[in-house]
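Take a look at the structure set out below.
The structure presented is a predicted model; accordingly, all values stated were derived computationally and were not measured. Just so we're on the same page: letters track the sequence lines, and every chain starts at 1.
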Amino acid sequence: MPELPEVETIRREIAPFVKGKIISGLEIKDPRNIKGISPALLEKKLAGKKILGVDRRAKYLVFPLSPAGFLVVHLGMTGRLLFAPDPYLKVTFVFKGGEKLYFSDARLFGKIRYFDADPPLDLGPEPFSKEFTAQKFGEMLAKKKTSIKLVLLDQKILSGVGNIYANEALFRAGILPKRRADDLSETEVKKLHKAILDVLEEAIEKRGTSDSWYVDASGKKGSFQERLQVYGRKGEPCFKCKTPIERISLGQRGTYFCPKCQK
DNA sequence: ACCTAAACCTGGGCGC
DNA sequence: TGCGCCCAGGTTTAGG
C-alpha cells in the first residue's frame, strides 16, 4: 500500500512529466474515486489549468494549479498514477498536446479531489520536517494512552507512516506494538524517532515496498519488500534471533513483531 | 474529548 | 477446474 516512500517515489517520477502541462480534459471510466465534487464539475474546474508542480503532503499528492485551484490525489491502498493504463483504470488526465496520466485503483479506496484554495488536510508533522524532533515526538506520545502502533498510524500525530513502516520501525526500535505510547522511556522515544526516519529514508532509496499492489508510475516494483524484517512474516524466523515472528490484530490491522527482540 | 470499531471496496489466495 | 470464503487496510464516519 502506498505510504510516504511510495508516494514520494511517484511524486519524483511524475513531477518532471506534469510540471507546466495544461490539462485539457478528463476521460472518466469509473467516477467512484472522485469525491466531494461531481465528475462534470471536476473536469470544468481542471480544464485549461496549468500544473505548477507536484507536492507531497504525507500520503497525498497535491497539484497546485494556475491560475488557481488544487488537484489532490490519495492512492488509498491500490491506487496508481501511471504513464500507461492498466486493467484497473478509472480516470485519465489528458493534457494539451495529447499526453496522458492514468489513475487506476482496483479497490476504490483512492480519492481524487479538487479545492479552490489550499487544501485543509488536517495532518500532523511530516517525518522529515524540522518540527518532527525526538523531543516533540515524546511530548505527543506522552498524551496518548493507546498502543504505540496505533499512534504511529494516526496521521494527526505523525503523517505519512502506514502499516508496513509502523511495524518495521517498531521492530528496529525494539518496542512491542501494544506498548502504551505514554509508557515509553526517553531512550525508547529517541530510538523510535530515529527508526522511523531511517526506515522511511531507506524505503525511499529502494523506491518503496511492492509487497502486493504498489508499482511506480512506470509500472515498476520497488524493492524494499526484500528488506522487511517483520511485516508479512508471521511464523517465519526473526532475522536476529530466529524466534518466529508473531502476528496480532491492533486496530483491525495486521501487526507483526518479534516477541523476543521487542520489549 | 477521547477511543474503538464498522464501513467503504474488490482482486487474489486459499480450501474444498 | 471452479466455486465460495476471507483477507488486505487508509481514511471517514458512527457509536460508545
Side-chain angles (χ1 to χ4, degrees), chain A residues 1-11 29-37 56-62 72-82 85-91 103-113 115 119-124 126-127 140-170 177-183 196 200 203 208-215 219 221-222 224-225 228 230-236 245-257:
Chain A
M1 56 241 73
E3 303 179 27
L4 187 153
E6 290 76 27
V7 177
E8 178 62 19
T9 300
I10 291 170
R11 187 196 70 78
K29 192 177 167 196
D30 184 335
R32 288 180 290 171
N33 290 102
I34 299 170
K35 304 290 181 181
I37 186 170
R56 182 190 55 72
R57 299 188 200 171
K59 304 172 194 172
Y60 294 86
L61 286 167
V62 178
V72 176
V73 175
H74 192 293
L75 299 173
M77 287 169 50
T78 57
R80 294 170 173 167
L81 279 174
L82 299 162
D86 74 0
Y88 314 102
L89 177 66
K90 298 291 181 281
V91 176
F103 175 87
S104 89
D105 188 5
R107 288 181 200 168
L108 297 168
F109 273 39
K111 292 180 174 63
I112 298 172
R113 293 175 178 273
F115 294 87
L121 298 176
D122 196 19
L123 296 165
E126 285 280 339
M140 291 188 289
L141 296 186
K143 294 175 194 165
K144 303 303 256 183
K145 297 175 168 62
T146 47
S147 69
I148 184 60
K149 166 76 188 303
L150 289 180
V151 173
L152 293 182
L153 294 179
D154 185 343
Q155 302 298 297
K156 292 180 180 66
I157 302 295
L158 171 67
S159 66
V161 173
N163 201 34
I164 293 175
Y165 300 112
N167 278 297
E168 294 297 310
L170 285 167
K178 57 179 178 280
R179 285 274 304 281
R180 273 177 59 144
D182 63 1
D183 190 45
I196 291 166
L200 292 177
T209 301
S210 294
D211 190 56
S212 55
W213 284 85
Y214 170 72
V215 292
K221 291 183 174 188
F224 196 76
Q225 64 276 12
L228 296 176
V230 288
Y231 182 82
R233 300 195 61 242
K234 180 186 176 184
E236 294 173 40
I245 299 301
E246 290 185 17
R247 181 195 184 279
I248 59 171
S249 192
L250 274 185
Q252 304 159 291
R253 299 224 174 84
T255 300
Y256 301 86
F257 61 96

Test side-chain contact (heavy atoms from CB on, under 4.5 Å) applied to A:F103 and A:L75, step by step: CA-CA 9 Å; A:F103 175 87; A:L75 299 173; 4.0 Å; yes
Would you call A:R80-A:D105 a salt bridge at under 4.0 Å N-O? no
A:D30 CG to B:dC9 C1': how many Å, rounded? 11 Å
For A:R253 and A:K143, take the nucleotide of DNA chain B holding the closest heavy atom to each; which residue's nucleotide lies nearer the 5' end? A:K143
In terms of side-chain heavy atoms, does A:K149 have a donor or acceptor partner in A:T255 at a distance below 3.5 Å? yes
Rounded to whole Å, how long is the line connecting atom CG of A:L150 with atom C1' of C:dT11? 14 Å
Nearest to side-chain heavy atoms of A:L108, which nucleotide of B:dC3, C:dA8, B:dC9: B:dC9
Can you check whether A:K35 has a side-chain N or O nearer than 4.0 Å to OP1 or OP2 of C:dT11? no
Of all the nucleotides listed (B:dG12, C:dG9, B:dC9), which has the minimum atom distance to the side chain of A:R32? B:dC9
Any A:V230 side-chain heavy atom under 4.5 Å of A:E168 side chain: yes
Can you tell me if the side-chain N/O atoms of A:Y214 get under 4.0 Å from OP1 or OP2 in C:dG10? no
C:dG10 C1' sits how many Å from A:D122 CG, rounded? 15 Å
Atom pair distance, as rounded to whole Å: NZ in A:K178 and P in B:dT4: 15 Å
Hey, are A:E126 and A:R56 close enough for a salt bridge, meaning a charged N less than 4.0 Å from a carboxylate O? yes
Is the shortest side-chain N to carboxylate O distance from A:K156 to A:D154 below 4.0 Å? no
Verify whether one side chain among A:T209 and A:Y165 offers a donor that lies under 3.5 Å from an acceptor in the other. yes
Quick one: which of B:dT10, B:dG12, C:dT12 gets closest to the side chain of A:Y60? C:dT12
Please confirm whether the shortest side-chain N or O distance from A:H74 to OP1 or OP2 of C:dT11 is below 4.0 Å. yes
Any heavy-atom pair between the side chains of A:E3 and A:I164 that's under 4.5 Å? yes
Is A:Q155 close enough to C:dT11 that one of its side-chain N or O atoms is under 4.0 Å from OP1 or OP2 there? yes
Contact class for A:R113 (heavy atom, under 4.0 Å): base, sugar-phosphate, or nothing? nothing
Hey, what bend do you get for the helix from B:dC2-C:dG16 to B:dC16-C:dG2 if you fit axes on five pairs at each end, rounded to 10°? 50°
Between A:R107 and C:dG10, is there a contact of a side-chain N or O with OP1 or OP2 at under 4.0 Å? no
Over all strands shown, is A:G254 touching base, sugar-phosphate only, or nothing at heavy-atom distances under 4.0 angstrom? sugar-phosphate
Length of the OH-C1' vector between A:Y231 and C:dC7, whole Å: 11 Å
Rounded to the Å, how far apart are A:D86 CG and B:dG11 P? 12 Å
Compare side-chain N and O positions of A:Y88 against OP1 and OP2 of B:dG12 and report whether any pair is under 4.0 Å apart. yes
Whole-Å gap separating P (C:dC7) and CD (A:Q252): 12 Å
A:F109 aromatic ring stacked with six-membered ring of C:dG9, 5.5 Å and 30°: yes
Measure the distance from CD1 on A:I157 to C1' on C:dT11 and round it to the nearest whole Å. 16 Å
